[in-house]
Colleague: 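First, the structure itself, so that you have it in front of you.
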There are 2 protein chains.
Amino acid sequence: MKKTSLNDIANKLGVSKSLVSLVLNGKAKQNRIGDEISEKVLKLAKELNYQPNQIARSLRLGRSETIALIVADISNPFFARMGRAVEDEADKFGFKVIFSSSDENPDKLGELLNVLIDRQVDGFIISPTIKSKEYILKLKKNNIPFVLIDRCLPPIKTNSVVVDNYNSTYYAVKFMLEKGYKKTGFITVSSGLSNMKERLLGYKDAMKNFGVRGYGSYIREVDYKNFNESVGEAVKELLLTQNNLRALFFATLRVGMAAIKSINDLKLRIPQDVAVISFDDADAYQIFYPPITAIAQPIDMMSSEAVKILINEIKQKNVKTEKTQIVLPTEFIIRESCC
Amino acid sequence: MKKTSLNDIANKLGVSKSLVSLVLNGKAKQNRIGDEISEKVLKLAKELNYQPNQIARSLRLGRSETIALIVADISNPFFARMGRAVEDEADKFGFKVIFSSSDENPDKLGELLNVLIDRQVDGFIISPTIKSKEYILKLKKNNIPFVLIDRCLPPIKTNSVVVDNYNSTYYAVKFMLEKGYKKTGFITVSSGLSNMKERLLGYKDAMKNFGVRGYGSYIREVDYKNFNESVGEAVKELLLTQNNLRALFFATLRVGMAAIKSINDLKLRIPQDVAVISFDDADAYQIFYPPITAIAQPIDMMSSEAVKILINEIKQKNVKTEKTQIVLPTEFIIRESCC
DNA sequence: CTGAAAGCGCTTACAG
DNA sequence: CTGAAAGCGCTTACAG
């Protein structure tokens, strides 16, 4: 069953395909096309169940109405939720989205960008990896619409929507300190990503301003490889050896999940033996016993803002638009893990 | 900066674009194109950083090398992992994937199918909703390649890859019974989906074969709306009222998460007060205290099998291929929640 | 060994 | 008020 094309309709009606195209695109009136013929076209199109070939349309129009979302790993719950929100928002504008995972590997990111540009995606939403500056600059130079999400590359001026990592962390750590947990440890992933740097800084400044000394030894930066084991080590070191900390701040969901597992393995109780707070929120955190105090990011809003900025830029492709930087607040959700 | 096209290269070299196309597609030899000219083309293409416009290629070739994955909700951890696995497998064949969420709504599924067909995706991997038979049949009639995943529509003969829901559940419930938990409850979602039906049947048969009477009243089917509250109700009814059950089987991850939360809220302890087993596994289940016994689905394998079947069918579009049905075993992971 | 042409299905500027 | 033509960038069958 061959799909019906413009030509099929035109031939059956004995008119030109230009006319059919015009009618079907709702441009009959402005081109002063007769009402009777318009009617006929519309009717036949419906009968034949005509559906325009979007590939042909894209080629002609030079746009595909497809955007790409590139994140570290779409199976990570944080990015999965982002993916869903991006999908929903893009749908409102008639755009489809292609998801890709960079695995935090800048070269994979670069490769993905190339392939997707060949496929004529109209723009990108990117959660950039470390060392991706080169590729992002190339995008910028080639005037390809994109917006950075979750992380940005500070010196470079781009569209971005991120969260107030510094203040969110500062506030949460301050909360711990005021609860009396002077010895609050900080476990994070070692990476040069902007968001991670800001979270660390927020922690440091809170500790400093509260007059805690020697907090440098309360910090552990964990590597991506052997992630769970390394987090386990960090937890053990901080809680059992020299420092004897009574509270821990986890800089990401993945850190938090791995850390809580090893706290359980050590048979330590939350919050009696150790109070915890985590950046990022997740279903699991609400369901844990006790539920985990968390800094929730407004994922839906981040995603929809990013889509809006992107599509806006796509629509005015050639007029120079100002780059938009959005910083959203987080929500500090106090649960039983820290009181 | 306009992208360089075949014509640009042809013009600069004073040859035809046919020749350039042939060379760039590695068909120089079989078309007996001179070595020197081939070299030149390759060199210039590299210099100009030529990247073929895949849209034009798609239009000409009648295929887009894009597949679509339609699931209930891509932000659900189960489907998020599936998404990632599909992405990775498709990548091996040079295919990209568009993700879409049906929200378990058959009409949305139908709409998605239409839109994506217009965009000339080459095929679909679909986790069908209830009442989607009509749309799936249409796909089949129009000879559009697709494979069903996670759930199938039994009377209809299609490609599918699912898990052995019946035996997995039977085995797990039997395990419970043998541990002495004769009063094992079953909480599931009310839906006519094949996988849910099989799980329920597995439970029933296990109970029956073990000679447990009156297990009908140990079953709760929960509705999608007010999901968490309804699961909470079911948990409370089963554990606190008439039956006084001491064990619970959760038919899905979402049921399990919600149920465990309400068990915690009731201040009941797992496994001392109530033993639990859940279909589906997740990070959270490993990290809970105590860790939850679970039936793990081989998501990566399901996904890669589905992609392989689909792409195979796409490649031989017009030769009638036999439909492939794959049923994969699950893994029963015993943790502390049930002993 | 290489080029000219047709065509994928669409949209739009132009002519009448 | 409507049609013929050009063109988006590619691939491939055909001619020479």
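The chains referred to below are lettered A, B, ... by the order of the sequence lines, with proteins before strands, and numbering in each begins at 1.
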Colleague: Look at the side chain of Ala56(B) and decide which nucleotide, out of dC10(C), dC10(D), dT12(C), has an atom nearest to it.
Modeller: dC10(D)

Colleague: Please report the distance, rounded to the nearest Å, between CD in Glu36(B) and P in dC1(C).
Modeller: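 Glu36(B) atom CD is separated from dC1(C) atom P by 9 Å.
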
Colleague: Could you give the CD-to-P distance, from Gln54(A) to dC10(C), as a whole number of Å?
Modeller: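 Atom-to-atom, Gln54(A) to dC10(C), this comes out as 9 Å.
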
Colleague: Quick one: on DNA chain C, does Asp35(B) or Asn25(A) contact a more 5' nucleotide (nearest heavy atom)?
Modeller: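 Nearest-nucleotide comparison on DNA chain C picks Asp35(B).
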
Colleague: Go through dG9(D), dG3(D), dG9(C) for me and flag the one nearest to the Val15(A) side chain.
Modeller: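 Output: dG3(D).
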
Colleague: Name the closest nucleotide to the Leu19(A) side chain, picking from dG9(C), dG3(D), dT2(C).
Modeller: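 The answer is dG3(D), which lies nearest to the side chain.
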
Colleague: From the set dC10(D), dT12(D), dT2(D), return the single nucleotide nearest to any side-chain atom of Ile33(A).
Modeller: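 Looking only at heavy atoms from C-beta outward on Ile33(A), the closest nucleotide is dT2(D).
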
Colleague: Reckon Leu22(B) touches a base, only the sugar-phosphate, or nothing at all at heavy-atom distances under 4.0 Å?
Modeller: base

Colleague: From dC10(C), dG9(D), dT2(C), pick the nucleotide closest to the side chain of Arg57(A)?
Modeller: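 The answer is dC10(C).
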
Colleague: Any chance you could encode DNA chain D as dot-bracket? Rule is Watson-Crick or G-U wobble with both distances under 3.5 Å; [ ] for pairs crossing earlier ones, | for another strand.
Modeller: |||.||||||||.|||

Colleague: Which nucleotide, dC10(D), dC10(C), dG3(C), lies nearest any side-chain atom of Ser16(B)?
Modeller: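 The listed nucleotide nearest to Ser16(B)'s side chain is dG3(C).
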
Colleague: Leu61(A) side chain: which of dT12(C), dT2(D), dT2(C) is closest?
Modeller: dT12(C)

Colleague: Within the 3.5 Å criterion, strictly below it, is a donor on Asp103(A) or Ser101(A) matched to an acceptor on the partner's side chain?
Modeller: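 Side chains of Asp103(A) and Ser101(A): no pair found under 3.5 Å.
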
Colleague: Can you check the Arg63(A) CZ to dC10(C) C1' distance for me, whole Å?
Modeller: 12 Å

Colleague: Less than 4.0 angstrom from a charged side-chain N to a carboxylate O is my criterion; do Arg151(B) and Glu104(B) meet it?
Modeller: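 Looking at Glu104(B) together with Arg151(B), the answer is yes, because their closest N to O distance falls below 4.0 Å.
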
Colleague: Regarding Gly34(A), tell me which of base, sugar-phosphate or nothing describes its non-hydrogen contacts under 4.0 Å with the strands shown.
Modeller: sugar-phosphate

Colleague: Taking NZ in Lys157(A) as the centre, count heavy atoms belonging to other residues, nucleotides or ligands within less than 6.0 Å. Is the count above 12?
Modeller: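 No, not enclosed.
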
Colleague: Let's see if you can work this out: which of dT2(C), dC8(D), dC10(D) has an atom nearest to the side-chain heavy atoms of Leu59(A)?
Modeller: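 Nearest nucleotide to the side chain: dC8(D).
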
Colleague: Counting only side-chain heavy atoms from C-beta out, which of dC10(D), dA5(C), dT2(C) sits nearest to Ser18(B)?
Modeller: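 For Ser18(B), the side-chain atoms sit closest to dA5(C).
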
